[in-house]
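Report on one structure; see the data block that follows.
We use all heavy atoms of the structure for the numbers below, so side chains are in, but hydrogens, waters and symmetry mates are not.
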Amino acid sequence: RSECTAPPLDTDVTILCTGPLTSEPMSDWLRQNCGAEALHFYDAVAPIIAGDSVDLDRAFFASRRDTTTADYLNCPFTRESYAAFFEALLEADTTVAHEFEDEKFFEACLPVEVLAHRGEKALLFGPLRPVGLTDPRTGRWPFGVVQLRREKEGDESFNMVGFQTRLRIPEQKRVFRMIPGLEHAEFLRYGSIHRNTYLDSPVLVHEDLSLKADPSIFLAGQLCGNEGYTESIATGHLTALYAWAKASGISVSIPPSTTALGAMLRYVTSSPDRPFTPSNVHFGLFPPIQWPGRKKPGKKEKKGLFCERALDDAKQWVASSLPQNAE
């Protein structure tokens, strides 16, 4: 058990899935052997608050536009309290990148302070938007709302929705306790930031997730350009399948692009976007469904049709492509 600074040379198949733990020596090996610079971006996580430290005289349970459920604990801002919070957030001390690191943030997971620097109302149209949340104490929508989401079934812990951050810990305590209802917040986990390393996979990787420079080496997880835990598990399964197929001397086809596996795989191996950036799986990666001779379906029905098509095509792929002992 020791640091792996390069793939082993004495194996027929190697899977690299170092992701956010990719060390500088491994990054150097990737740069030298892939013919391109390893890219990276910063990924931030939000604080978790102890439920019994939230002031329920100020915060209220509700879901946006849904009166039948109350899945979120909402901390309402007035115009004045938001202005004070916004100014404190802009002035707060952040974790500074090292000189050899340039800051590239995942657009769908921006630190809250980075979003704030885009304009005074950026947060109000983002994670703090009050639309559909009526404060029972005023009967009106607040000026802005910080939403807390349960970390598990009970009310012991809540995640600050959209509050991934690179603020230093003392600043998190000071600034986030300016949020109405969180004046005495107990932080079970502070927000943090880390670097994730990934390759320009559409240029460097075959459709079976093997490196073009060395097809015996396969990539999986964030290193190949996906984002998210479920997506990393998915590319891990696919990589294991194709590595097993190569070691066994058999061929396994690529899953259809109409499935989540296939759509994710095609994105990380053939995305035309420049520069290439990691992505979660989403319906925008799926090929469109044609609607000849019928009314265009609504949003909910459309997603259902995407899912039905994906399940049908996945079953056909398993039945026609995979050996029985690979299912």
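- In this structure a side-chain-to-backbone donor-acceptor pair under 3.5 Å is missing from Y190 to A46.
- Here the shortest heavy-atom pairing between E231 and V281 reads OE2-N, 3.0 Å.
- Of all non-hydrogen atoms in F77 and M178, the two that sit nearest each other are CE2-O, 4.3 Å.
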For this session: Apply side-chain hydrogen bond (donor to acceptor under 3.5 Å, both in side chains) to N226 and S232, showing your working.
Result: CA-CA 7 Å; N226 66 244; S232 293; 3.0 Å; yes
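- Here the straight-line distance linking atom CD1 of I254 with atom NE2 of H206 works out to 11.5 Å at 0.5 Å rounding.
- Under a hydrophobic-cluster definition in which Ile, Leu, Val, Met, Phe, Trp and Tyr are linked whenever side-chain heavy atoms come within less than 4.5 Å, directly or via other members, V145 and V112 are assigned to different clusters.
- The distance from atom SG of C224 to atom CG of L199, rounded to the nearest 0.5 Å, is 9.0 Å.
- With hydrogens and angles left out, the side-chain atoms of E3 and S23 include a donor and acceptor closer than 3.5 Å.
- The SG atom of C75 lies 8.5 Å from the CD atom of E183; values are rounded to the nearest 0.5 Å.
- Clustering ILVMFWY residues whenever any of their side-chain heavy atoms sit less than 4.5 angstrom apart, transitively, puts L89 in the very cluster that holds I169.
- Side-chain polar atoms of S216 and D12 form no donor-acceptor pair below 3.5 angstrom.
- Here the side chains of W29 and P7 are in contact, with some heavy-atom distance below 4.5 Å.
- Between F276 and Y267, the distance from one ring center to the other falls under 6.0 angstrom.
- Residues passing the side-chain contact (heavy atoms from CB on, under 4.5 Å) test with T134 are W141, sequence neighbours excluded.
- For R266 (side chain) and F286 (main-chain N/O), no donor-acceptor pair under 3.5 Å exists by modelled atom type.
- Considering only heavy atoms from C-beta on, R58 stays 4.5 Å or farther from L182 through its side chain.
- Shown here for V252 and W317, the closest heavy-atom pair between the two residues is CG1-CZ2, 4.5 Å.
- When side chains are defined from C-beta on, S210 does not count as touching I217, because their heavy atoms never get closer than 4.5 Å.
- Contact of the E301 side chain with the L305 side chain is registered, since non-hydrogen atoms from C-beta on lie closer than 4.5 Å.
- Side-chain N or O atoms of S248 include none that pairs as donor or acceptor with a backbone N or O of I250 at under 3.5 Å.
- Put simply, the side chain of N74 gets close to the backbone of A62: a donor and an acceptor are under 3.5 Å apart.
- Clustering ILVMFWY residues whenever any of their side-chain heavy atoms sit less than 4.5 angstrom apart, transitively, puts I179 in the very cluster that holds L56.
- Taking the centre of each ring, F306 and F283 come in below the 6.0 Å mark.
- Residue V146 is grouped with residue F143 when hydrophobic side chains (ILVMFWY) are merged at heavy-atom distances under 4.5 angstrom, including chains of intermediate members.
- In this structure, the side chains of L73 and I49 stay at 4.5 Å or more apart for every pair of heavy atoms.
- Counting only distance, with no hydrogens or angles, the side chain of R137 and the backbone of D57 share a donor-acceptor pair below 3.5 Å.
- Between the S53 side chain and the A50 main chain, a donor and an acceptor come within less than 3.5 Å of each other.
- Between atom CG of residue L285 and atom CG of residue L265 there is a gap of 11.5 Å, rounded to the nearest 0.5 Å.
- Here the CE-CZ distance, from M160 to R189, works out to 11.5 Å after rounding to the nearest 0.5 Å.
- Looking at heavy atoms from C-beta onward, F187 lies in side-chain contact with R177 at the 4.5 angstrom threshold.
- A donor-acceptor distance shorter than 3.5 angstrom exists from the side chain of R64 to the backbone of V131, with no hydrogens or angles considered.
- Contact record, A243 with V13: CB-CG1, 3.4 Å, taken as the closest heavy-atom pair.
- At a cut-off of 3.5 Å, with distance as the only test, no side-chain donor of T259 or D313 sits close to an acceptor on the other residue.
- Under 3.5 Å, the side chains of N280 and E227 contain no donor-acceptor pair of N or O atoms.
- F158 and L188 fall into different hydrophobic clusters, where Ile, Leu, Val, Met, Phe, Trp and Tyr residues are linked whenever their side-chain heavy atoms come under 4.5 Å apart, directly or through other members.
- For T269 (side chain) and P202 (main-chain N/O), no donor-acceptor pair under 3.5 Å exists by modelled atom type.
- Counting heavy atoms from C-beta outward, L238 and L261 have side chains that approach closer than 4.5 Å.
- Remark: side-chain polar atoms of N33 are not paired, donor with acceptor, to backbone N or O of R31 under 3.5 angstrom.
- L219 is not listed as a side-chain neighbour of T239, based on a closest heavy-atom distance of 4.5 Å or more.
- The closest donor-acceptor contact from the side chain of H282 to the backbone of G284 lies under 3.5 Å.
- Pairing each heavy atom of I15 with each of A220, the nearest pair is CG2-CB, 4.2 Å.
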Please output the side-chain donor-acceptor pairs of residues 80-87 that fall under 3.5 Å, not counting sequence neighbours, one pair per line with the distance.
unit_1, atom_1, unit_2, atom_2, d
S81, OG, T78, N, 2.8
S81, OG, T78, O, 3.2
S81, OG, T78, OG1, 3.0
Y82, OH, E120, O, 2.6

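- Within the structure, ring pair (Phe, Tyr, Trp, His ring centres under 6.0 Å) pairs that include any residue of residues 159-179 comprise F163-F176 (at least two apart or interchain).
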For this session: Check step by step if side-chain contact (heavy atoms from CB on, under 4.5 Å) holds for V203 and K212.
Result: CA-CA 9 Å; V203 175; K212 293 179 180 179; 5.8 Å; no
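- If you take CD on E113 and CD on Q172, they are separated by 8.5 Å, rounding to the nearest 0.5 Å.
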